[in-house]
Colleague: 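Handing you a structure now.
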Amino acid sequence: MGPRMVDLSSSMDPSRIAESAVDLNLKLMRWRIIPGIDLDLVAGTKCLLLGSGTLGCNVARCLMGWGVRTITLVDNSRVSYSNPVRQSLFVFNDCVNGGKPKGDAAAEALRRIFPGINATGIGLSIPMPGHSVSSAEGELERVKESVKKLEELIETHDAIFLLMDTRESRWLPTVIAAAKRKLVINCALGFDTYVVMRHGVRGSEAALKIDVTREMRIPGTQLGCYFCNDVVAPGDSTKDRTLDQQCTVSRPGMSMLAGALAVELLVSVLQHPDKGAACGDTTAGEAHLEADFESSLGLVPHQIRGFVEVLFRHAS
């Protein structure tokens, strides 16, 4: 009789143990509460995060919790000493010697948390309306290359998160994503307010047959984007402002609230039969409590707005 061999690599290799354990909460969720949820669809969604700061870090962490395996983080700045206490993927060592590029540092942190994730950091400056292009040699070509790179990134991803500091930096990605019919989740902060919204995805004619006045729903192909209510074109919001006025100032918990809602909105959209063309519910009052949801995760709104100061004022 020869020796018997048993392969224990799957139960002893830490990476393989992590691979099988990280989705335990999601599997329990499907087994005990939502048997119809499609976790493979969520895991296979390639997410592009434009902005790797306070919002970007929190969105990335929440995406990992939902089992997303491909996350690309884009930013043009470096980690500074003020960042780690607010931006959850950075630590003190990321700040020294001029600071690591934010996209790279965030991607490295994700891989330290879970080696099985496909996380990539990219340094990129997004051209913005209202911001002039320098006449320096090669500057125009650099801008054209940035536009080309941004277009390639949006083309190769399924969901685009707009998480930048300025309003105008969101304009070009919005236009490109609309042209390529990509799902866009936009998240923006005030001092104690936030807005999370999804942009409409063109291309599905079925949703146009809905009677909006009767069903209290807006077809997903007709949902507006972040700029649809603007009466003027986006411009340079940092012009004639001091350095402290150019910084985003918000209550520390705002980015965590808004980032989590942005990811939850994405997952709810993915579970809807019409995906990005899912109708935006406008039901008033508590009528939605008696509604039959098409998504296994409930309502799929167009936008979510929060005012923390008002919440605390009415808390009991």
Side-chain angles (χ1 to χ4, degrees), residues 46-57 59-60 70-83 87 89-90 93-111 118-182 184 186 188 199 225-227 230 232-248:
K46 298 178 181 178
C47 295
L48 175 64
L49 277 55
L50 298 179
S52 305
T54 308
L55 279 170
C57 289
V59 167
T70 302
I71 301 176
T72 302
L73 301 111
V74 176
D75 208 293
N76 69 337
S77 59
R78 293 177 175 270
V79 184
S80 66
Y81 287 105
S82 66
N83 294 155
Q87 301 176 7
L89 291 178
F90 305 136
N93 287 339
D94 293 328
C95 311
V96 299
N97 299 322
K100 295 180 180 178
K102 279 190 174 180
D104 293 338
E108 289 175 11
L110 294 180
R111 291 193 294 269
N118 178 19
T120 306
I122 294 177
L124 179 68
S125 294
I126 297 176
M128 297 176 281
H131 292 249
S132 60
V133 178
S134 169
S135 58
E137 183 179 355
E139 185 65 15
L140 182 59
E141 289 303 315
R142 185 192 65 79
V143 171
K144 290 181 179 179
E145 284 297 317
S146 296
V147 173
K148 181 180 178 181
K149 181 63 176 179
L150 179 62
E151 190 170 1
E152 291 174 353
L153 287 170
I154 292 175
E155 177 68 40
T156 55
H157 289 78
D158 306 309
I160 319 300
F161 285 86
L162 304 186
L163 311 168
M164 299 85 99
D165 286 333
T166 62
R167 184 178 184 84
E168 62 269 22
S169 62
R170 302 163 188 255
W171 185 82
L172 184 59
T174 294
V175 173
I176 296 175
K180 295 183 178 298
R181 297 176 180 176
K182 297 291 184 175
V184 174
N186 205 327
H199 295 182
C225 76
Y226 193 60
F227 298 96
D230 284 5
V232 295
D236 186 353
S237 62
T238 63
K239 185 178 181 180
D240 299 326
R241 292 191 179 188
T242 60
L243 182 61
D244 65 300
Q245 291 175 330
Q246 294 178 25
C247 296
T248 301

Colleague: Taking all atoms of both residues into account, what is the closest heavy-atom pair of Ile126 and Ser169, and its distance?
Modeller: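 So the two residues come closest at CG2-O, 3.8 Å.
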
Colleague: Take Ile71 and Leu73 through the test side chain to side chain contact (heavy atoms under 4.5 Å, CB included) and record every step on the way to the result.
Modeller: CA-CA 6 Å; Ile71 301 176; Leu73 301 111; 4.1 Å; yes

Colleague: Can you name the nearest heavy-atom pair linking Lys102 to Asn83, along with the distance?
Modeller: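 Minimum heavy-atom separation between Lys102 and Asn83: CE-OD1, 3.2 Å.
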
Colleague: Hey, is the main chain of Phe227 close enough, under 3.5 Å, to the side chain of Arg170 for a donor-acceptor pair?
Modeller: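 A pair under 3.5 Å: no.
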
Colleague: How close do Ala106 and Phe90 get, heavy atom to heavy atom, and via which atoms?
Modeller: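 For Ala106 and Phe90, the tightest heavy-atom pair comes out as N-CE2, 3.6 Å.
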
Colleague: Quick check for you: to the nearest 0.5 Å, what is the distance between Leu48 atom CG and Leu150 atom CG?
Modeller: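 Here the interatomic distance stands at 7.5 Å.
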
Colleague: What's the separation between atom CD in Glu145 and atom OG in Ser125, rounded to the nearest 0.5 Å?
Modeller: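 With rounding to 0.5 Å, CD (Glu145) is 13.5 Å from OG (Ser125).
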
Colleague: Can you tell me how far apart CG (Asp75) and CG (Asp104) are? Round to the nearest 0.5 Å.
Modeller: 10.0 Å

Colleague: Under the criterion side chain to side chain contact (heavy atoms under 4.5 Å, CB included), I'd like the reasoning laid out for Lys148 against Glu152: C-alpha separation, chi angles, the key distance, then a yes or no.
Modeller: CA-CA 6 Å; Lys148 181 180 178 181; Glu152 291 174 353; 3.5 Å; yes

Colleague: What's the separation between atom CG in Leu153 and atom CD1 in Ile122, rounded to the nearest 0.5 Å?
Modeller: 4.5 Å

Colleague: Using a 3.5 Å distance criterion without hydrogens, assess whether the side chain of Ser52 forms a donor-acceptor pair with backbone atoms of Val74.
Modeller: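 Yes; judged by distance alone, with no hydrogens or angles, the pair exists.
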
Colleague: Can a donor-acceptor pair be found, under 3.5 Å and without considering hydrogens, that links the side chain of Lys182 to the backbone of His157?
Modeller: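 Looks like yes, one N/O pair under 3.5 Å.
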
Colleague: Ignoring hydrogens and geometry, is there a side-chain-to-backbone donor-acceptor pair from Arg78 to Gly98 under 3.5 Å?
Modeller: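 The answer is no, because no donor-acceptor pair under 3.5 Å joins these two groups.
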
Colleague: How many angstroms lie between atom CG of Asp94 and atom NZ of Lys100, to the nearest 0.5 angstrom?
Modeller: 4.5 Å

Colleague: To the nearest 0.5 Å, what is the distance between SG on Cys47 and CG on Asn118?
Modeller: 11.5 Å

Colleague: Which heavy atom in Gln87 sits nearest to a heavy atom in Cys57, and how many Å separate them?
Modeller: CB-SG, 3.9 Å

Colleague: Answer yes or no: is there an ion pair linking Arg142 with Glu139, defined by an N-O contact shorter than 4.0 Å?
Modeller: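 Result for this pair is yes, salt bridge flagged.
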
Colleague: Counting only heavy atoms from other residues, nucleotides and ligands, does the tally under 6.0 Å from CZ of Arg181 exceed 12?
Modeller: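 Check fails, neighbour count at 12 or below.
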
Colleague: What I'd like to find out is whether the side chain of Leu162 reaches to under 4.5 Å of the side chain of His199, using heavy atoms alone.
Modeller: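 The answer is yes, as the side chains (C-beta and beyond) meet within the 4.5 Å cut-off.
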
Colleague: Taking all heavy atoms of Ile154 and all of Lys180, pick out the closest pair and write down the distance.
Modeller: CG2-CD, 4.2 Å

Colleague: Considering all heavy atoms of both residues, which atom of Ala119 and which atom of Arg111 are nearest to each other, and what is their separation?
Modeller: O-NH1, 2.5 Å

Colleague: For a 4.5 angstrom cut-off between non-hydrogen side-chain atoms, does Asp158 reach Thr70?
Modeller: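 With C-beta onward as the side chain, the pair stays apart.
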
Colleague: Under the criterion side chain to side chain contact (heavy atoms under 4.5 Å, CB included), I'd like the reasoning laid out for Ile176 against Ile160: C-alpha separation, chi angles, the key distance, then a yes or no.
Modeller: CA-CA 11 Å; Ile176 296 175; Ile160 319 300; over 6 Å; no

Colleague: Carefully, step by step, assess Val96 and Tyr81 under the rule side chain to side chain contact (heavy atoms under 4.5 Å, CB included).
Modeller: CA-CA 8 Å; Val96 299; Tyr81 287 105; 3.9 Å; yes

